[in-house]
Amino acid sequence: MGGPEDGEDGENGTPRPKRLRLSEEQTQLLEGTFRKNCVLSHSAKEELAAKVKLTPRQVEVWFQNRRARIKLRRAKNECKLLRQRFKLLTEENQRLQQEVKELRALVVAAPASTITMCPRCKGVTSVAGTQHCSKTPDTNLGL
DNA sequence: AGGGTCAATGCGGCCT
DNA sequence: AGGCCGCATTGACCCT
């Protein structure tokens, strides 16, 4: 498929050509064009290829790889965010498990007649006379 | 030495 | 059928 520079494919014994490294100027031109549009029309590709002194195929490959790099970077970022979220949810889960444990202990320890429903969080029990929710009624209106 | 980067290749799928 | 693209992979090169 249109080998680098001279078009040879490097098969049947001939050593594979060294990897081309684009100059700063070439990269800047390609990058600038990519920023405007990440896909190239046929004519734009020809034009850009002439400008950066590469073959249209090399320009095409550069754009393909550039798109792949963007996708990879996004995936890595997303992975990082998901890990952070997972960590936070794990911590919250641990807190809630602990709270459940404490509430269960409370229910077991208290005589049934002393247990009342918490008016704020409904459904979670509290021992009469003790405060269950840490928030005051006024500050709890938001939820 | 080994991992990361990047130009290049090969292949399959889609479109016209 | 031919061109283009996405994707996986390769191999040279760079950095630590």
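Letters go in sequence order (proteins before strands), and every chain restarts at 1. No hydrogens, no waters, no symmetry mates; every other heavy atom, side chains included, goes into these values. Just so you know, these numbers come straight off a predicted model, no measurement behind them.
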Next item on the list: Go through the N and O atoms of the side chain of A:Arg19 and the base of C:dA12, and report whether any donor-acceptor pair is under 3.5 Å.
Entry: yes
Checklist line | Length of the CG-C1' vector between A:Leu22 and C:dA12, whole Å | finding: 14 Å
Checklist line | First of A:Asn65 and A:Val39 reached from the 5' end of DNA chain C, by closest nucleotide | finding: A:Val39
Next item on the list: Check salt bridge (charged side-chain N to carboxylate O under 4.0 Å, His left out) between A:Arg66 and all other residues, then give those that pass, not counting sequence neighbours.
Entry: A:Glu31
Margin query: If you compare every side-chain N and O of A:Gln58 against the phosphate oxygens of B:dA8 (OP1, OP2), does one of them come in below 4.0 Å?
Written below: yes
Check: If you find the nucleotide of DNA chain B closest to A:Val61 and the one closest to A:Leu72, which residue's nucleotide is nearer the 5' end?
Finding: A:Leu72
Next item on the list: Among C:dG6, C:dC7, B:dA7, find the nucleotide with the atom closest to the side chain of A:Lys71.
Entry: C:dC7
Check: B:dA7 P sits how many Å from A:Leu54 CG, rounded?
Finding: 10 Å
Check: Taking atom C1' of B:dC6 as reference, at what distance in whole Å does atom CZ of A:Arg67 sit?
Finding: 16 Å
Next item on the list: Round to the nearest Å and state the distance from A:Gln26 atom CD to B:dA7 atom C1'.
Entry: 12 Å
Note to self: Between A:Glu60 and A:Arg57 (salt bridge meaning N to carboxylate O under 4.0 Å), is one present in this structure?
What the structure shows: yes
Notebook entry, point to check: So, for A:Glu46 and A:Pro56, which heavy atoms are closest and what is the spacing to 0.1 Å?
Noted result: OE1-CG, 3.8 Å
Checklist line | side-chain contact (heavy atoms from CB on, under 4.5 Å) involving A:Val52 - partner list, sequence neighbours excluded | finding: A:Gln26, A:Leu29, A:Leu30, A:Leu48, A:Leu54, A:Val59
Next item on the list: Report the distance from atom CD1 of A:Ile70 to atom P of C:dC7, rounded to the nearest whole Å.
Entry: 13 Å
Next item on the list: Respond yes when some side-chain nitrogen or oxygen of A:Arg69 is under 4.0 Å from OP1 or OP2 of B:dT5, and no when none is.
Entry: no
Notebook entry, point to check: Which whole-number value in Å describes the distance from A:Leu20 CG to B:dA8 P?
Noted result: 5 Å
Check: If you look at every heavy atom in A:Asn37 and A:Phe63, which pair is closest and at what distance?
Finding: O-CE2, 3.5 Å
Item checked: Check: A:Thr55 main-chain N/O paired with A:Gln58 side-chain donor or acceptor under 3.5 Å -> yes
Item checked: side-chain hydrogen bond (donor to acceptor under 3.5 Å, both in side chains) between A:Gln94 and A:Gln98, worked out -> CA-CA 6 Å; A:Gln94 280 169 357; A:Gln98 182 60 31; over 6 Å; no
For nucleotides 2-4 of chain C, give me every protein contact, N/O to N/O, under 3.5 Å, one pair per line with atom names.
| unit_1 | atom_1 | unit_2 | atom_2 | d |
| --- | --- | --- | --- | --- |
| C:dC4 | OP1 | A:His42 | ND1 | 3.4 |

Check: Within this structure, what is the NZ-to-P distance between A:Lys53 and B:dA7, rounded to whole angstrom?
Finding: 18 Å
